[in-house]
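Worth saying up front: this structure is predicted, and the values here are computed from it rather than measured.
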Amino acid sequence: PQGSMDLPPSYMEGSSDDADFFPASESSPSDPSASCAAAKGEEYRTSLASFPSLYREYLEPIAATLGLAHISAPRHRVRVLVVGSTSSGKSSFINQLLGCDGFLPTGAAMETSSVTFVTPGRAADCDRRILDPSLTLKLFPDDLAPLFAALPAVRPYVETRVTPSTHPLAELLCLIDTPGTADSGSLPFPLKETLVRLARDVADIVLFFLDPASASSGQMTRDLIRDIAGNPELYAKTHFLLSKSDSVMSSADLNRVLVQLALSIAD
């Protein structure tokens with residue numbers, strides 16, 4: 001049970017205590033931009049806190065009458081799965097989004113070898129920043145129990161990192177960082193199958209990062225794109241992003257990169 005976990009309430013995805021679930025911003029009120037961001041964050045928190053009751057009182061009874069059993073209250077946090085080719089900027093994107101430089105390791109070599117759930121917590125709680133697979137399973141039981149049952153080899157390589165970010169987006173998102181697709185041969189678990197299951201069964205949004213210098217390289221990258229394109233439900237929630245756009249010097253260069261990528265996937 002969630003209440004028996006030795007973790008602060010702010011770690012609990014399903015906590016009914018919205019004051020704990022959405023930690024208050026620690027930005028300085030003297031900074032106008034920080035005050036604006038804090039006000040926007042409070043607006044988001046208030047709106048999200050009302051969603052479950054709206055679903056329970058209105059939408060779920062209507063859905064039951066119409067036989068739409070899949071209609072249910074949304075999760076509080078949007079699950080964003082970040083995938084893509086190696087060194088395409090996945091971890092850097094998460095660091096920048098949260099405003100926490102160096103929170104996730106980055107570099108030209110393989111830096112991400114685990115599936116990493118990034119979830120917010122109070123700054124005082126972040127001395128326990130990395131949570132092991134057992135605690136991660138307790139945080140996300142409905143999502144990870146089926147994954148671990150189907151792919152037991154991935155279990156030791158799933159972790160949670162608690163971010164101290166006070167950015168409003170940090171309170172609304174659960175970001176999932178993943179190893180680069182070019183590194184699949186060096187990992188002790190089946191990366192492609194893991195990514196497909198996470199994208200299909202866990203993520204609300206999938207961000208697929210492609211590096212202009214290596215967008216078309218790697219059989220697994222191409223196979224994964226084909227799998228996504230062949231699944232209408234998965235394709236609808238996937239967004240393909242070309243990272244390192246400063247390396248594309250002109251629209252002609254961009255067109256060449258896109259044509260290369262399209263031809264590579266079509267092979």
Side-chain angles (χ1 to χ4, degrees), residues 1-2 4-5 7 11-15 68-86 88 90-91 93-94 104 110-119 130-162 173-210 218-240 265:
Q2 288 186 336
S4 65
M5 292 174 60
L7 289 174
Y11 290 164
M12 309 302 181
E13 279 245 321
S15 172
L68 303 175
H70 64 283
I71 299 293
S72 59
R75 301 183 191 78
H76 283 292
R77 293 193 181 107
V78 178
R79 310 282 181 86
V80 180
L81 179 68
V82 183
V83 303
S85 50
T86 303
S88 59
K90 301 182 300 296
S91 299
F93 166 78
I94 293 176
L104 294 176
M110 181 178 72
E111 297 288 350
T112 304
S113 58
S114 300
V115 174
T116 303
F117 286 72
V118 178
T119 191
I130 302 178
L131 307 181
D132 64 21
S134 296
L135 289 176
T136 299
L137 177 60
K138 289 183 179 180
L139 285 175
F140 306 97
D142 295 338
D143 297 322
L144 291 181
L147 175 66
F148 290 168
L151 302 172
V154 75
R155 177 168 180 153
Y157 303 96
V158 176
E159 66 181 18
T160 297
R161 293 195 177 220
V162 182
L173 302 176
C174 174
L175 298 156
I176 308 171
D177 194 21
T178 60
T181 51
D183 299 321
S184 58
S186 62
L187 296 171
F189 61 90
L191 179 60
K192 178 172 173 286
E193 291 81 355
T194 299
L195 295 179
V196 169
R197 285 182 174 273
L198 287 170
R200 184 188 65 204
D201 302 332
V202 177
D204 300 301
I205 298 171
V206 180
L207 301 182
F208 201 124
F209 280 75
L210 297 166
Q219 185 62 44
M220 203 194 98
T221 301
R222 297 192 292 271
D223 289 345
L224 186 56
I225 292 175
R226 291 190 189 106
D227 285 352
I228 291 172
N231 184 322
E233 183 178 352
L234 189 51
Y235 182 74
K237 60 181 175 181
T238 301
H239 303 266
F240 294 94
I265 295 170

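- Here the side chains of S113 and Y157 are not in contact, with every heavy-atom distance at 4.5 Å or above.
- The CZ atom of R197 sits 12.5 Å away from atom CG of L144, with the distance rounded to the nearest 0.5 Å.
- The side-chain heavy atoms of R79 and L198, taken from C-beta on, include no pair separated by under 4.5 Å.
- With sequence neighbours excluded, no residue satisfies salt bridge (Lys or Arg N to Asp or Glu O under 4.0 Å) with D132.
- Side-chain contact between L147 and D201: absent, with no pair of heavy atoms (C-beta onward) separated by less than 4.5 Å.
- Annotation for G180 and L191: closest pair O-CD2, 3.5 Å, computed over non-hydrogen atoms.
- Atoms CZ and CG, on F117 and L175 in that order, are 11.0 Å from each other to the nearest 0.5 Å.
- T178 has its side chain out of reach of V82: every pair of non-hydrogen atoms, C-beta onward, lies at least 4.5 Å apart.
- In this structure, T181 and V83 have side chains that are not in contact, with every pair of non-hydrogen atoms separated by 4.5 Å or more.
- Heavy atoms only, all atoms of each residue included: L173 and R77 are closest at O-CD, 3.7 Å.
- Taking both residues in full, the closest heavy atoms of K192 and L224 are given as CE-N, 4.3 Å, listed atom of the first, atom of the second, then distance.
- How far CD1 of I176 is from OG1 of T119: 10.0 Å, rounded to the nearest 0.5 Å.
- From L137, atom CG reaches atom CZ of R155 across 5.0 Å, with rounding to the nearest 0.5 Å.
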side-chain contact (heavy atoms from CB on, under 4.5 Å) for M220 and S85? Distances and angles first, verdict last. CA-CA 9 Å; M220 203 194 98; S85 50; over 6 Å; no

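- Residues P179 and S114 approach most closely at CD-O, 3.5 Å, considering heavy atoms.
- Taking CZ from R222 and CG from D227, the interatomic distance works out to 13.0 Å, rounded to the nearest 0.5 Å.
- Scanning for salt bridge (Lys or Arg N to Asp or Glu O under 4.0 Å) contacts around R161 gives E159, with sequence neighbours left out.
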Would you check, one step at a time, whether the test side-chain contact (heavy atoms from CB on, under 4.5 Å) holds for T194 with F189? CA-CA 8 Å; T194 299; F189 61 90; 3.7 Å; yes

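- K237 places a side-chain N or O within donor-acceptor distance of the main-chain N or O of A199, the cut-off being under 3.5 Å.
- Between P188 and A153, the closest heavy-atom pair is O-CB, 3.8 Å.
- T136 is linked by a side chain to side chain donor-acceptor pair (under 3.5 Å) to T160, counting only residues two or more places apart in sequence or in another chain.
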With side-chain contact (heavy atoms from CB on, under 4.5 Å) as the criterion, how do V154 and F148 come out once you've worked through the C-alpha distance, each side chain's angles and the decisive distance to 0.1 Å? CA-CA 7 Å; V154 75; F148 290 168; 3.9 Å; yes

Run the numbers on I228 and F208 for side-chain contact (heavy atoms from CB on, under 4.5 Å), then give the verdict. CA-CA 10 Å; I228 291 172; F208 201 124; 3.7 Å; yes

